[in-house]
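In what follows, a single structure is set out as structure tokens and then discussed.
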Amino acid sequence: MDTLDTAVAAAWLRAAASAVERHESELTALDAAIGDGDHGSNLRRGFTAVGLPGAGPPPTGPGDLFRVAGRTLISTVGGASGPLYGTAFRAIGAALPAPTATVADLAGALEAALAAVQGLGGAMPGDKTMVDALAPAAAACREAADQGLGLPAAAESAARAAEQGMRDTVPLQARKGRASYLGPRSVGHQDPGATSTALILRALAEVVATP
Amino acid sequence: MKKLINDPETVLPDALAGFAAAHPELAVDLDARIITRGTRPAAPKVALVSGGGSGHEPLHAGFVGPGMLDAACPGEIFTSPVPDQVLAAVRTVHRGVGVLLVVKNYTGDVMNFRLAAELAAEDGIEVRTVLVDDDVAVEDSTWTAGRRGTGATVLVEKAAGALAERGAPLAEVAALAERVNAASRSFAIALTAATVPAVGHPGFDLPEDRIEVGVGIHGEPGRRREPLRPARDLVAEVVDTVLADHDLATGDRVLALVNGLGATPLIELYLVFGEVHARLADHGIEIARNLVGNYVTSLDMAGFSLTLTKADDQLLELWDAPVATPVLRWS
């Protein structure tokens, strides 16, 4: 599977929704430690809504699908995750050409998502947010594209980079979001936003790895 | 967890249905999740829209009515409303002369209200936003998301609401709201944590003889943990912490809000107010107006917050102006 078409995009969104549902209590527990404990339930509400049949015309390509998903996330999740994930998926959608996207297109889309998330939330790498997973994932995908790797290898590389970034948030002190109010007490906890980002990128890797 | 609920998933709609039944003078749209006044103001006026996560009752729906808010949008518990919700509120109450959004400084609220403001602007509606950020427990915005918005929200909404009711233009209402926020500082102490229904257990574990100092209103722990002490000592620390960050001097007057966080009985809040009154008198500061009660809560968190707003003649006059909401009501 070397290009990202509408079917792959739809499968990714379904797999992401399923991953969020399976890990809901884990995300909530991570959030309860340094936030208010609703990250899992909020994301599940949004991704469940993404899976509901839309009233509009059928999507013309993966970009179209991601744009609609982004808008749905913004209108259903709330909190900080709604605008951030919604904006990220809208940026991914806007960056992908119809009807199919290459690995280089995907790298560009992840870079666009990163720029959109940073533009909205103002977080830098090291602030203990989803950026700590998204930034290395985008970089790994770009590297894979430059090396001419296929979609499965690129997605796997992005997922691994996101997971490493997620683990690297543990010793950090939060500087953005509600966890920042804890100051030094936020140290020692894995960031829930970086964790959900890693889950979503792992979902893509799993979808494209299946022949 | 022992709570009077049907199902953790339906707490918000069930509570909104009850709020609608209790307040027929307000219009509660259960689908759009917005609360507006039952009757439109006689003359076009700047509309005030506020909102935020649920769980802070009576904030914000309890302050909808003549003299204060035109609409409130409650989000899920401790979760900001979504932009569609805010936009629906703005469209419903806009009377052609602009809308002021009163937003507490939390990342989610800031982003969702910002997206809503952008959408409203695309509709040709003039929107201004005031960010409430009065919590001195959050010290340095370089290292945090900036100061939280807490008790000052009520004072901003009351004063700006009174000015809007008199037909003041949007720029003037927004400037006043910003001035009231700038003149306000708050600090809170928790004796117990809040339990979010969907989570089912307290947000943090606190030993019987310990308190959380510098908490916000979302169940997150505070800045540090200390032994429980007599109220007089706790109040002294809270008053001094607020004053250290305030430009109040001997002879100044303040509006004082002693606010319960949800599970503290009024007898304790009045006791606290007495100590606040005495401590401020020691500093030569006069409490010109006060509120004692549960106004900006955090579900079942026990404890209190103190908000001091530097008062002047205009602010006191706006404070005394008639208001008719479920919670604040005087003529």
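All chains are named by letter (A, B, ...) in the order of the sequence lines, taking the proteins before the strands, and each is independently numbered beginning at 1. Being a predicted model, the structure only gives us computed values, none of them experimental. As a basis for the values below, the full set of heavy atoms in this structure was taken, side chains included, without hydrogen atoms, waters or symmetry mates.
With B:His56 contributing its side chain and B:Thr297 its backbone, the two residues share a donor-acceptor pair below 3.5 Å.
Counting heavy-atom pairs closer than 4.5 Å to chain B, the top-ranked of the candidates A:Asp127, A:Leu120, A:Val77, A:Asn42 is A:Leu120. When B:Glu76, B:Met111, B:Gln85, B:His201 are compared by the number of non-hydrogen pairs under 4.5 Å with chain A, B:Met111 comes out ahead. Of the listed residues (B:Pro83, B:Gly53, B:Gly75, B:Pro81), the one with the most heavy-atom contacts under 4.5 Å to chain A is B:Pro83.
Results of the side chain to side chain contact (heavy atoms under 4.5 Å, CB included) test with B:Thr129 over B:Val99, B:Val49, B:Leu101 single out B:Leu101 as the only residue that passes. Here the rule is side chain to side chain contact (heavy atoms under 4.5 Å, CB included) with B:Tyr295, and of B:Thr307, B:Thr153, B:Leu257, B:Leu59 only B:Leu257 fits it.
Proximity to chain B is absent for every atom of A:Ala123, based on heavy atoms less than 4.5 angstrom apart. Looking at A:Ser81, neither its backbone nor its side chain comes within 4.5 Å of chain B, counting heavy atoms on both sides. B:Asn112 touches chain A through backbone and side chain together, each having a heavy atom under 4.5 Å away. For B:Arg224, the part lying under 4.5 angstrom from a heavy atom of chain A is the backbone only. Contact annotation for B:Glu9: only side-chain heavy atoms (C-beta onward) come within less than 4.5 Å of a heavy atom of chain A.
Within 6.0 Å of the CD atom in A:Glu21, the count of heavy atoms belonging to other residues, nucleotides or ligands does not exceed 12. For B:Asp205, the CG atom counts as loosely surrounded, since its 6.0 Å shell holds 12 or fewer non-hydrogen atoms of other residues, nucleotides or ligands.
Cation-pi geometry between A:Arg67 and A:Phe89 is not met at under 6.0 angstrom from the ring centre and within 45 degrees of the axis.
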